[in-house]
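Written below as structure tokens is the structure these notes are about.
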Amino acid sequence: MKILFLDQSGKVGGAELSLLDIARPYRDHCLVCLFAEGPFRTLLEQAQIPTCVLATPIAVQKDSSVVKGLSSIGHLMPLVIKVAQLSREFDLIYANTPKALVVGAIASALSQRPLVYHLHDIVSQEHFSAINQRLIISLANTFAVAVIANSQATKAAFQQAGGRSPTEVVYNGFDIAAYQQVRHDRSTLRQQLGLESRFIVGHFSRLSPWKGQHILIEALKHCSENVTALFVGDALFGEQKYVEQLHQQIEQEGLQHRVRFLGFRSDVPQLMAACDVVAHTSTAPEPFGRVIVETMLGGIPVIAAAAGGAIELVEPGKTGWLTPPGDPVKLATCINHCQKYPHHSQEIARNAQADAIQRFDLAATNEQIAQCLQQVSQTSRVTFSNVLRWFPACW
Ligand code: UDP
């Protein structure tokens with residue numbers, strides 16, 4: 001089957017890393033089309049996955065108004081036409097992000113190729129403006145022959161927002177070996193970081209208000225002096241103001257000597273292995289939470305915020321800890337427990353590793369995706385009349 005994958009981002013987020021793994025088996029007969037230049041293109045090319053960039057001049061922001069949304073679609077038309085032309089060479093269009101859905105939906109109607117939408121987002125007011133929620137739902141309902149949701153939480157939010165397309169949950173899969181061969185680097189890396197004698201709480205995420213780095217900084221005040229927070233990740237989508245706020249918070253609390261920022265890193269498994277525990281602190285429901293599974297696979301204790309997909313990944317007290325989102329005191333309590341009872345936290349981490357190996361193997365995920373794509377490639381296609389029906393229905 002020949003697949004045209006679409007993704008709006010040139011940056012490397014969870015949705016893009018998932019696409020990298022999904023596209024790899026199709027690399028002899030697929031094209032990944034990005035709407036922006038960036039390091040994601042390099043990753044795809046390193047994996048020998050055919051890639052092209054069709055840059056778009058517009059950005060549909062979370063606060064877009066109806067008018068802005070409509071005019072955005074107008075501006076997208078040259079891109080839509082280009083994608084429609086490209087897609088005639090393929091059996092199926094696979095939209096991996098919301099903006100890719102907008103472009104892919106209309107293109108699929110023009111080229112009469114079936115459209116699959118991989119939903120990596122919780123479609124709710126915490127993550128999208130009302131207009132963008134409506135846009136996503138109406139496009140998916142009208143044009144997507146199938147939706148692949150990355151967790152039960154994303155599926156439930158999609159349906160609650162009015163999503164009716166056939167939806168299957170497929171969890172992200174991981175190359176398990178990559179997380180298991182790194183333990184021996186632990187002490188070297190801790191030394192290199194100058195943190196060998198510290199109790200390291202890792203945090204792996206782009207820097208963004210809803211990812212809640214400020215919650216971990218606040219939690220440090222309730223932890224012992226030798227606890228250090230290690231932040232791995234960068235502000236990917238212009239969250240510079242938040243980064244400044246984090247530095248102000250650290251300065252005001254006098255925590256400079258207990259916090260390290262490493263920026264974006266591509267050696268996440270190694271860095272996780274150097275940590276004593278990893279904290280996930282999203283203040284809004286996490287659609288899936290790749291970092292949680294990666295921590296489990298690495299055999300490192302994980303404390304996650306109890307909302308969205310995180311609840312499906314961690315069984316509290318058995319494979320990790322769940323704390324209420326936005327609660328630094330509860331987070332500190334769990335960190336302190338892991339520090340005080342290392343044997344118990346190691347036992348939990350071992351359980352988590354065994355559980356994650358069973359549930360998140362990339363081979364199984366890719367098999368599920370392949371079956372889903374096989375089924376939908378044989379189903380009916382959208383036609384241009386769908387566009388005419390969708391337009392008034394949406395607004
Ligand atoms: N990640 C990375 N380098 C970093 C920070 C994060 O490669 O410096 C990866 C991380 O390992 C994970 C992904 O980015 O695979 C983030 O996915 P997640 O589902 O946790 O969050 P999202 O970015 O999708 O909101």
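Ligands are counted one by one from 1 in listed order, and the atoms in each one are counted from 1 as well.
Ligand 1 has Phe264 within reach: a non-hydrogen atom of the residue lies less than 4.0 Å from it.
Across Arg265, Arg206, Arg290, heavy-atom proximity to atom 7 (O) of ligand 1 is greatest for Arg265. Between atom 17 (O) of ligand 1 and the options Gly13, Gly309, Ala310, Gly14, the minimum heavy-atom separation is to Gly14.
For a threshold of 3.5 Å applied to N or O pairs, the pair formed by Val291 and ligand 1 contains at least one separation below that value.
When non-hydrogen atoms are compared, ligand 1 lies under 4.0 Å from the side chain of Val268 (C-beta onward) but not from its backbone. Under 4.0 angstrom from ligand 1, there are no non-hydrogen atoms of His120.
Numbered from 1 in the order shown, with element, the atoms of ligand 1 that lie under 4.0 Å from a heavy atom of Val232 read 5 (C), 8 (O). Near Lys211, with a cut-off below 4.0 Å to any heavy atom, the atoms of ligand 1 are 21 (O), 22 (P), 25 (O). Within ligand 1, the atoms closer than 4.0 Å to a non-hydrogen atom of Gly233 are 5 (C), 8 (O), numbered from 1 in the order shown.
Contact check on Asp276 versus Arg186 returns a salt bridge, with a Lys/Arg side-chain nitrogen under 4.0 Å from an Asp/Glu carboxylate oxygen. One finds no salt bridge joining Glu16 and Lys11 here, because no Lys/Arg side-chain nitrogen approaches an Asp/Glu carboxylate oxygen to under 4.0 Å.
Other residues, nucleotides and ligands place no more than 12 heavy atoms under 6.0 Å from the CD atom of Gln160.
At the shortest separation from atom 10 (C) of ligand 1 among protein heavy atoms lies Glu294 OE1, 3.4 Å. At the top of the distance list for atom 9 (C) of ligand 1, counting protein heavy atoms only, stands Leu17 CD1, 3.6 Å.
Note: Phe204 and His280 fail the aromatic proximity criterion, with ring centroids not under 6.0 Å apart. Taking the six-membered ring wherever Trp is involved, the centroid distance between the rings of Phe261 and His247 falls below 6.0 Å.
Of all non-hydrogen atoms in Leu195 and Thr228, the two that sit nearest each other are CD2-CG2, 4.1 Å.
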Would you mind writing out the side-chain donor-acceptor pairs for residues 326-333 within the sub-3.5 Å range, not counting sequence neighbours?
| from | atom 1 | to | atom 2 | distance (Å) |
| --- | --- | --- | --- | --- |
| Asp327 | OD1 | Val329 | N | 3.2 |
| Asp327 | OD1 | Lys330 | N | 3.1 |
| Thr333 | OG1 | Val329 | O | 2.8 |

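Expressed to the nearest 0.5 Å, how far OH of Tyr117 lies from CD1 of Ile148 amounts to 12.0 Å.
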